[in-house]
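Since the structure comes first, as structure tokens, the remarks are kept for the end.
In what follows, every chain begins at residue 1, and chains take the letters A, B, ... in the order their sequences are listed. Treat the numbers as computed from the prediction; the structure is a model and nothing was measured.
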2 protein chains.
Amino acid sequence: MFMYAVNFNRTEGRLIYKLCEARKEPIMRQKKVISDAVIERLPLYYRDLLLLQDAGIDIISSEKLGERLGITPEQIRKDLTCFGAFGKKGVGYYVSELGQQIVEIIGLQQHWKVGIAGIGHLGWALANYKTFGRLGFRTEGLFDVDHRIIGQNVGGIVVTPISEMEETIRRAGIQIGIITTPASVAQQVADQMVAGGIRGILSFAPIRLNLPPHVYVFREDLSIGLSRISYYLTNKPEQDE
Amino acid sequence: MFMYAVNFNRTEGRLIYKLCEARKEPIMRQKKVISDAVIERLPLYYRDLLLLQDAGIDIISSEKLGERLGITPEQIRKDLTCFGAFGKKGVGYYVSELGQQIVEIIGLQQHWKVGIAGIGHLGWALANYKTFGRLGFRTEGLFDVDHRIIGQNVGGIVVTPISEMEETIRRAGIQIGIITTPASVAQQVADQMVAGGIRGILSFAPIRLNLPPHVYVFREDLSIGLSRISYYLTNKPEQDE
DNA sequence: TAGATTGTTAATCGATTAACAATC
DNA sequence: TAGATTGTTAATCGATTAACAATC
């Protein structure tokens, strides 16, 4: 029987990973926390598997996959075994099978309905972002306060007044919210999203959102990347390195 | 005398941090690697310090700053001591002084010149992104292949044909490149940027760029955030938690 | 069978947390 | 001085790397 330590993920909350042993015991729900580092690598694996599939490649080893992605093969194998044993010893991983497994781990087999609040250029860009669609995210609501934007058709969706957002989210069953509004209104917008029933939010506003614990918030901070580059260029290694 | 272990940062390369002791020894260049985790938190501290400054607050403790940011005070103090001792025991940190210190650590006292390749909505959004300007990043070049976009004025900059990018980068002394092109041309665009003299690239293309080791590349992957949310919503904790 | 590659356990490395002496 | 808060060292925790037995 497997046993996993009960851990707590400080930053992002707790998860439950269900482990049902093959032998016929009553189904056990064992708590197992997968680290964020692992979760963030899964989409990378998945995207590359899609590319491999397009290229007609059926089998890939952790060695080769790691080479393509700049990740060590050990890391890949370790990550995957958090969720099961998907490979074949001496052979490698079946590309389409592994892809399907990752889809189910991440939960992409369902098509998530996404609403975007704040249809400036960033919101506009995200509404048309191809990779989202490829991963199964469907934009089903666009919201803004600006009457010059309201009513416009963006990628097949008409922009709705943000005053109607809560109602629209509820009616359309939108599950994930993206916030691309100014920071000053982000909290208010997030509150309305939650009121409409949303439980997962991706926010581009550079501000900490205060939301009930059952809502999962992930902040995407575009200025960190540039700051990092500034740091590395400023503190670059010496020539003789 | 301080001594630091010589470490190597696997993922991002090595850095040199200069430690010059107060006592009059020949200036030592001691290798010290600051982890990415620390570097990513610095801009958060800095941005909040700016807000505090705007609010007329002169002094802040690690305790209070941590509360505002959702980071433990110990973490903040530890991060800062990677670079020096900026606080006053029994008092806290002087907001503007600490801000200035962080500016110098990140290297934001200079105004970095930024060029953006691929002026779709994302590139457009970034070209007008206020936070970049506030941190001292100046957009000085916009490049695209589409003749419907070339010649347009975006936030005061005229979009230039990408065929002229290398020359423009060199002439204008652009130091940082942002890539918001389709993945299929990202490598080519990156190569041209490097040929023009750029040594730091922020790429939004979901592809691994192959560049000489002296170029620092940071990939911003917008679809990871949504995938994480999908994972957490799929594997959410049970009700009774 | 021999070679290849996984899955898993153990070792290492690094980052965060805790504790507390120093000192404003 | 007493209270507060930093800077630093030690303890803990967690993630990555290494090694290798299992097995295709």
Discussion item. With a 4.0 Å limit, can you tell me whether A:Q75 has a side-chain N or O closer than that to the phosphate oxygens OP1/OP2 of D:dT17?
Written reply: yes
Worksheet entry | Heavy-atom donor-acceptor pair, B:Q187 side chain to B:N210 backbone, under 3.5 Å | yes
Worksheet item: Parallel, tilted or perpendicular for B:Y216 and A:Y232, by the 30°/60° rule?
Response: parallel
Worksheet item: With under 30° as parallel and over 60° as perpendicular, where do the rings of B:F132 and B:F137 fit, or are they tilted in between?
Response: perpendicular
Practice prompt. Could you say whether A:K88 or A:E74 is positioned toward the 5' end of DNA chain D, judged by the nucleotide with the nearest heavy atom to each?
Written response: A:E74
Worksheet item: Do B:T181 side-chain atoms and B:A117 backbone N/O form a donor-acceptor pair below 3.5 Å?
Response: no
Fill in: Within residues 58-70 of chain B, residues whose heavy atoms come under 4.0 Å of DNA chain C
none
Worksheet item: Which residues, if any, of residues 96-103 of chain B bring a heavy atom under 4.0 Å of DNA chain D?
Response: none
Worksheet entry | N or O in side chain of A:Y93 less than 4.0 angstrom from D:dC24 OP1/OP2 | no
Fill in: 5' priority, DNA chain D, between A:K89 and B:R77 [closest heavy atom]
B:R77
Practice prompt. Give a yes/no on whether any side-chain N or O of A:T81 is located under 4.0 angstrom from OP1 or OP2 of C:dT8.
Written response: no
Fill in: Under-4.0 Å side-chain N/O to phosphate OP1/OP2 contact, B:Y94 with D:dT6
no
